[in-house]
Amino acid sequence: MSLSLLIDIASGALLLAGCLLVVSGAVGLLRLPDFYTRTHAGSLTDAAGATLLLLGLLLQADGWQSGVRLVLIMLFLLVTSPTAAHALAQAARRDGERLPAGDDEGRR
Amino acid sequence: MTGGHYIFWFVFVLMVIGLYAVISHGNLVKKLIGLNLFQIGVFMFYIALGKVEDGRAPIVEEGVEVYSHPLPHVLILTAIVVGVATTSLGLALAIRIYEAYGTIEEDEVIERDKAAEQDGTAELNGTAERDGVRGGEAGP
Amino acid sequence: MLAAAVIALLVAMALTLVRAFVGPRLYNRLLAINVFGTKTVLFISVVGVLSGRPYIFDIALLYALVNFVSTIAVLRLTHLDELLPSSDEGTAR
Amino acid sequence: MSLLVLMDVSLFTLLLATALAITRLRALYEATMLTALAGLLSASLFVVLDALDVAITEAAVGTGISTVLFIAALRLTRSREAVTPRRRLWSGGAVAVLLGATLLYAAQDLPPFAEPDTPVQTNPVTQTYLHESQEDIGVPNTVAAVLASYRGYDTLGELVVIFTAGVTVPLLLLRTRRRAERDEAHAGEEGAEGGTEPGTEHGTEHGREHSAEHGAEHGAEHGTEKGAEHRSARAVVMSEYRVLRVASKVLMPFILLFACYVLFHGDYGPGGGFQAGVIFAAGFVLYSLVFGIGEVERVLPWPVMLGLVPVGVLLYAGLGVANMALGGAFLDYDTLVPGHPEEGQHYGILIIETGVGITVAAVLIAVYYSFANRGARR
């Protein structure tokens, strides 16, 4: 009984933290002034928030089948999401995406 | 009545947007994008028809009685793959049109066709294709 | 708690979508779409736990795997590719 | 229920907003990316609406294949749309509004959403598909049962459509050797006049593309020099994108493994031939995007690929003929294992799904290859 309660509390806390990170990351993506800071907000909170959320879900999952899949999702997400963000930032730098905000002239 | 139909209103708006993009935009690729949107609307319509409250995905399990209807899923599943096949065909045609006319804007293609008709069809043999590309790209 | 997670994810999706709409330029949109993909994975996972069916996670798993294909496609086909065939700028650095 | 309504409404609202944004954008790359986003949203909606098989297909198609094809096509054409004349907007809007009005009128006869007593649910065929199929076929995933067994003819037709596209697109885009030679001769003739004209028409991007093209035409004279330059450029790019390469290399086997899982587990969970083929193709497309089409061609040579396109269709139709030879009807899998119709159905569905998977994967890779190759030779 107490163990299940503990698990519930832990998973709730993880989910809450994950949600906070995800929402704050989205707000950062929207509010921050230029591409690179947005990359920072987007990708960092993405990885952390996703991990926390999935851990929280893992504690609530019933059965090993769900558990294995959740762990795999977490692993793959931890590989793909930062990779894409990294490649994106690198390509943007190469392409001359400049630091100051609001440069709209280079639009194609 | 509206309460029970709300999802269909969304579907219809999506279809209308897709059709609008197909008709009003002259760019062939944009037309295909609009067609994709319209397709998504149709998919949603079918799937929404098959959905049932408190139902489950149609994978039979012990002790579950209510399932969504599998038939729309089958139809749409194949339709998605057929859709990407037809989209690729459309894109291939767009590429060929671009290479022949130097543009993928519908209006410009029609104009060019009219001009070619006035010049007489004699010009339109093997070399015309290549000339079309040059003319289209180097024009102002 | 799970319902709250769903709502939080939907809010995050909406905010990300706004960034994808306003841009500016391709890269901001790409970034937003990339983040949106992760949100979708999480959303599907939460729905999977909500409904208690392990096979829903298969879809989230697939998304986690192929999420970045479209991003890579844009990078590769617009940007990298200009460098590869008989490049003018790529070798200058 | 209320959570379902909330998810439906908010996801649909986001989808509609995306659709509106797509119609307004004139930069086509960005519109394509937003289409990928619409694909993500619609896949989430499919999950919410319990259509898991559809969601898995849309996941691989919407984000993977379709976007890549659009981008590959855009690279070969123009990436910015011209301003649409106002009169077109009016006519388009009028037709769209007309469609909307018609649909709204017709919607009055639609059954309410998600009610258990709609005609869809009370039709006797529902009973057949959901419950009798367990005795007839014994496959828990009724979608696979309906797809491969009850509606086997239908699926064969769909597969032939895909096959046709897979034959037509390479025919349209691939240059035969003779055509290529003829084009080269033309390029040589025009080199004197055409090569000096700078491509000034549309913006920086195309200008660069054109100069690259002209460069390629002149390249015949000093090809070796170009080759070295090309190699060094390639080395620079490849070293900069090392993270990407390693990550793709790590993910690649998992994607292919997942495709196999989806194919062979399709009887018990969401999955089947169409999904597996699409995922397989997405994996190959990813690999060729990162490592170049040449690497893929080394694994899966072009003739083999083209040869695989009809193999699936032939397998499918051949199974039907085999059934007839065994004394049943076309695609009557009961005859495969005499005395055990259920086992026969199992084998039949597995063979069908494999055939579908082979053809779908081969067609999509062939299509992608045609697009990519067209770009490489320009």
Side-chain angles (χ1 to χ4, degrees), chain C residues 2-3 6-7 10-11 13-14 16-18 20-23 25-26 29-30 32-33 36-37 39-41 43-44 47-48 50-51 53-56 58-78 80-91 93, chain D residues 3 6-7 10-11 14 17-18 21 27 29-30 33-34 36-37 40-41 43-44 47-48 52 55-56 59-60 63-64 67-68 71-72 75 205 208-209 211-212 215-216 219 226 229-230 232-234 236-237 241 244 248 251 254-255 258 262 269-271 279 282-283 285-286 289-290 375-376:
Chain C
L2 286 174
V6 166
I7 292 168
L10 285 172
V11 169
M13 277 172 159
T16 315
L17 210 57
V18 174
F21 293 160
V22 298
R25 273 168 61 85
L26 185 65
R29 292 181 211 268
L30 271 177
I33 283 154
F36 196 91
K39 302 284 181 292
T40 311
V41 174
F43 178 79
I44 294 174
V47 171
L50 260 179
S51 58
R53 281 165 288 173
Y55 36 73
I56 286 189
D58 286 355
I59 297 152
L61 190 55
L62 176 62
Y63 260 123
L65 281 171
V66 299
N67 186 14
F68 70 142
V69 172
S70 52
T71 312
I72 305 304
V74 177
L75 297 186
R76 170 81 190 179
L77 294 180
T78 65
L80 273 181
D81 209 74
E82 284 169 15
L83 296 175
L84 288 186
S86 61
S87 158
D88 304 324
E89 298 125 296
T91 45
R93 23 174 81 240
Chain D
L3 193 61
L6 175 74
M7 290 193 285
S10 36
L11 284 176
L14 296 182
T18 315
Y29 276 115
E30 291 156 17
M33 292 319 291
L34 286 187
L37 222 156
L40 281 167
L41 276 168
S44 310
V47 171
V48 173
L52 300 183
I56 228 171
T63 54
T67 318
V68 173
I71 290 166
R75 190 172 55 126
E205 181 196 10
R208 239 178 285 152
E209 232 176 81
S211 62
K226 280 281 179 204
E229 206 174 284
H230 187 160
S232 70
R234 199 182 163 79
V236 168
V237 170
Y241 286 82
L244 189 59
S248 318
L251 285 180
F254 288 104
I255 295 178
F258 189 74
V262 163
I279 297 168
V285 167
L286 170 66
L289 279 174
V290 177

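Order of the sequence lines fixes the chain letters, A, B, ..., with proteins taken first and strands second; residue numbering starts at 1 for each chain. Owing to the predicted nature of the structure, the values given are computational and were not obtained by experimental measurement.
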Who wins among Tyr55(C), Tyr63(C), Phe36(C) for the most heavy-atom pairs under 4.5 Å with chain D? Tyr63(C)
Roughly how far, to the nearest 0.5 Å, is the CE atom of Met33(D) from the CD1 atom of Ile71(D)? 5.5 Å
Which answer fits Thr63(D), side chain, backbone, both or neither, if we ask what part of it has an atom under 4.5 Å from a heavy atom of chain C? both
Here the gap from Ser10(D) atom OG to Met13(C) atom CE, rounded to the nearest 0.5 Å, amounts to 9.0 Å
Segment of Leu17(C) engaging chain D (4.5 angstrom heavy-atom cut-off): side chain
Between Phe21(C) and Glu30(D), is a side-chain contact (heavy atoms from CB on, under 4.5 Å) present by the stated rule, with each step listed? CA-CA 9 Å; Phe21(C) 293 160; Glu30(D) 291 156 17; over 6 Å; no
Identify which part of Phe258(D) has an atom lying under 4.5 Å from any heavy atom of chain C, answering side chain, backbone, both or neither. side chain
Set of side-chain hydrogen bond (donor to acceptor under 3.5 Å, both in side chains) partners for Asn67(C), sequence neighbours left out: none
Top contributor to chain D interface from Ile7(C), Ile56(C), Ile33(C), Ile72(C) [non-hydrogen pairs under 4.5 Å]: Ile33(C)
Which of Asp58(C), Ile44(C), Leu10(C) touches chain D most, by non-hydrogen pairs under 4.5 Å: Asp58(C)
Taking every non-hydrogen pair under 4.5 Å, which of Ala59(D), Gly269(D), Ala21(D) racks up the most with chain C? Ala59(D)
Looking only at Leu37(D), Leu11(D), Val47(D), most heavy-atom pairs under 4.5 Å shared with chain C are made by Leu37(D)
With sequence neighbours left out, write down each residue that passes side-chain hydrogen bond (donor to acceptor under 3.5 Å, both in side chains) with Ser51(C), or none if nothing qualifies. Arg53(C)
Which distance, rounded to the nearest 0.5 Å, do you find between the CG of Leu62(C) and the CD1 of Ile279(D)? 4.5 Å
